[in-house]
Chemist: 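One structure follows; several queries about it will come next.
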2 protein chains.
Amino acid sequence: MTGKVAAPGDDPLLLDRQVCFPLYAATNLLNRLYGPVLRPLGLTYPQYLVMLVLWEEEPQTVGALGARLYLDSGTLTPLLKRMEQAGLVRRTRDAEDERRVLIGLTERGRALRADALHVPETIAGGRSPEGLDQLREGVRKLVAMLAAPGGAG
Amino acid sequence: MTGKVAAPGDDPLLLDRQVCFPLYAATNLLNRLYGPVLRPLGLTYPQYLVMLVLWEEEPQTVGALGARLYLDSGTLTPLLKRMEQAGLVRRTRDAEDERRVLIGLTERGRALRADALHVPETIAGGRSPEGLDQLREGVRKLVAMLAAPGGAG
DNA sequence: AGCAATTATATTGTGTGCAATATAATTGCT
DNA sequence: AGCAATTATATTGCACACAATATAATTGCT
């Protein structure tokens, strides 16, 4: 009762036939790759993404950050509180609408940008830019499909 | 002291220039997509991946599962214990080498395969198979690069 | 045989992610 | 104006993921 179960040609449950799995594996591997590079900056990978968004424009509401990063308050609230504890961001209620919380950078948060400038290059290492561009576009299309209302069915 | 920070053309820290981010977003979105489909089976997404591997061949050691899924014992041990509690797998010390733990399926675990057969189709929904094939190959190449010793520098 | 180095798994601590729920502020409808 | 519905964020509970460390079994060297 052990061993191979189905013909390899048409089994829909073979791991190597899943689209999702390489994506899952690549994300885990990328996290492991970023970890050591971001640790000296005192950032985790999702925290780094938040900083990228804030370096582009600040302040932003929690909701706006979530819309950009596809994360909800259940993930962002504790993450932003940790970043506040670390002295990178400030969280202030929006006076115009007390439901909203504005996330702005501290001086330390702004200054960290200079230290982060080397990160993309360090991560990219010796990889071919063309392959990366192609991959980025492919995955971006997938994200657009998945994020569409109804999950792109 | 707020607002845009650098020229859009050559800023390496723009979120939309990162390869990593679409990958990260796609994985989160895929997890959310799989969740409702797998919940009736009593599985999480990583647990589903473990089942895919075991349905191909069992029993396997914890290490072999980890090599296939790019996960270590810190992730797999508690996950497998939960699956044991759920009655899907059995964990037994290998008599040949007492360091190893063999993961085998219970009858319930084997029977679950029939219920899982519809999952890939349900997830794929109306998406074009060609686009998915292309994407799978692209991401698979990235995984191969990232998993290579030295991180493919 | 004896013991250091290696290997396989487990444990601990921290940080995500997300569903479900809660709370407070605002909007919209009458 | 008053109140139901909506919106924005926070909280709770559960399940990963991983670095660092611990423990026990095996291997390899002499």
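Residue numbers begin at 1 in each chain, while the letters A, B, ... track the order of the sequences. Model, not experiment: these values are computed from the prediction.
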Chemist: Whole-Å distance between D/dA17 P and A/Tyr34 OH?
Modeler: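 Between P of D/dA17 and OH of A/Tyr34: 19 Å.
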Chemist: Polar-atom pairs under 3.5 Å, protein N or O versus N or O of nucleotides 6-8 of chain D: list them with distances, or write none.
Modeler:
{"from": "D/dT7", "atom 1": "O4'", "to": "A/Arg99", "atom 2": "NH1", "distance (Å)": "3.4"}
{"from": "D/dT7", "atom 1": "O2", "to": "A/Arg99", "atom 2": "NH1", "distance (Å)": "3.1"}

Chemist: Over how many whole Å does the gap from B/Leu49 atom CG to D/dA17 atom C1' extend?
Modeler: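 My rounded result for the distance is 13 Å.
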Chemist: Which label fits A/Tyr45 and A/Tyr34: parallel for a plane angle under 30°, tilted from 30 to 60°, or perpendicular past 60°?
Modeler: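 Rings of A/Tyr45 and A/Tyr34: tilted, 30 to 60°.
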Chemist: Counting only side-chain N and O atoms of A/Thr77, is one of them less than 4.0 Å from OP1 or OP2 of D/dA10?
Modeler: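 Yes, because at least one side-chain N or O of A/Thr77 sits under 4.0 Å from OP1 or OP2 of D/dA10.
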Chemist: So which nucleotide does C/dG15 pair with, by the Watson-Crick or G-U wobble rule with both distances under 3.5 Å?
Modeler: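 Base partner found: D/dC16.
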Chemist: Which nucleotide, in any strand shown, forms a Watson-Crick or G-U wobble pair with D/dA1, with both distances under 3.5 Å?
Modeler: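 The answer is C/dT30, by the H-bond criterion.
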Chemist: Of all heavy-atom pairs between A/Pro12 and B/Pro120, which one has the smallest distance, and what is that distance?
Modeler: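 Minimum heavy-atom separation between A/Pro12 and B/Pro120: O-CG, 3.5 Å.
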Chemist: Under a 4.0 Å N-O cut-off, is there an ion pair linking B/Asp11 with A/Arg113?
Modeler: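 Yes.
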Chemist: Tell me which of A/Ala95 and A/Ser73 sits closer to the 5' end of DNA chain C, going by the nucleotide each one is nearest to.
Modeler: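 The 5'-side residue here is A/Ser73.
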Chemist: Decide, yes or no, whether a salt bridge links B/Glu98 with B/Arg93 under the criterion of side-chain N to carboxylate O below 4.0 Å.
Modeler: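 No.
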Chemist: Which pair of non-hydrogen atoms, one from A/Gly42 and one from A/Gln47, has the smallest distance, and what is that distance?
Modeler: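 Taking every non-hydrogen atom into account, O-OE1, 3.8 Å.
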Chemist: Restricting to nitrogen or oxygen on both sides, can you table the protein-nucleotides 1-4 of chain C pairs closer than 3.5 Å?
Modeler:
none

Chemist: Looking at every non-hydrogen atom in both residues, tell me the closest pair between B/Glu56 and A/Asp16 and how far apart they are.
Modeler: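 Minimum heavy-atom separation between B/Glu56 and A/Asp16: OE2-N, 4.5 Å.
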Chemist: Could you go through the side chain to side chain contact (heavy atoms under 4.5 Å, CB included) check for A/Leu23 and B/Leu23 one step at a time?
Modeler: CA-CA 7 Å; A/Leu23 216 51; B/Leu23 216 52; 3.7 Å; yes
Chemist: Determine the minimum heavy-atom distance between B/Pro46 and B/Leu79, stating which atoms define it.
Modeler: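 Between these two residues, the closest heavy atoms are CB-CD1, 3.7 Å.
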Chemist: Across all strands shown, which nucleotide pairs with D/dT23 by Watson-Crick or G-U wobble geometry, both distances under 3.5 Å?
Modeler: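 With both distances under 3.5 Å, D/dT23 matches C/dA8.
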Chemist: With the 4.5 Å side-chain cut-off for hydrophobic clustering, are B/Leu102 and B/Leu54 part of the same group?
Modeler: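 In one cluster with B/Leu102: B/Leu54, no.
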Chemist: Let me know the distance between CG of B/Leu65 and P of C/dA10, rounded to the nearest Å.
Modeler: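 Atom-to-atom, B/Leu65 to C/dA10, this comes out as 11 Å.
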Chemist: Send over the distance from B/Asp94 CG to D/dA24 P, rounded to a whole Å.
Modeler: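 Taking CG of B/Asp94 and P of D/dA24, I get 19 Å after rounding.
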Chemist: In the 5'-to-3' direction, what one-character label does each nucleotide of nucleotides 13-19 of chain C receive under the scheme B = base within less than 4.0 Å of a protein heavy atom, S = sugar-phosphate only, - = no such atom?
Modeler: --SBBBS
Chemist: Look at A/Arg93 and C/dA24 and indicate whether a side-chain polar atom (N or O) is within less than 4.0 Å of OP1 or OP2.
Modeler: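 For C/dA24, OP1/OP2 do not have a side-chain N/O of A/Arg93 under 4.0 Å.
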Chemist: Using only side-chain N and O atoms of A/Lys81, determine if any of them is under 4.0 Å from OP1 or OP2 of D/dT11.
Modeler: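 Answer is yes, contact under 4.0 Å.
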Chemist: Does the side chain of A/Phe21 come within less than 4.5 Å of B/Tyr48's, by heavy atoms?
Modeler: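 SC-SC contact between B/Tyr48 and A/Phe21 ruled out.
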Chemist: Just the rounded figure in Å: distance from P of D/dA17 to CG of B/Leu76.
Modeler: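 One finds 9 Å between P of D/dA17 and CG of B/Leu76, rounded.
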Chemist: Determine the sole option in A/Arg91, A/Arg108, A/Arg90 for which the salt bridge (Lys or Arg N to Asp or Glu O under 4.0 Å) test with A/Glu84 is passed.
Modeler: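 Going through A/Arg91, A/Arg108, A/Arg90 one by one, the salt bridge (Lys or Arg N to Asp or Glu O under 4.0 Å) with A/Glu84 is satisfied by A/Arg91 alone.
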Chemist: Within this structure, what is the CG-to-P distance between B/Leu69 and D/dA17, rounded to whole angstrom?
Modeler: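 To the nearest whole Å, that distance equals 10 Å.
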Chemist: Using a strict 4.0 Å threshold on nitrogen-to-oxygen distance, state whether A/Asp72 and B/Arg32 make a salt bridge.
Modeler: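 Answer for the salt bridge query: no.
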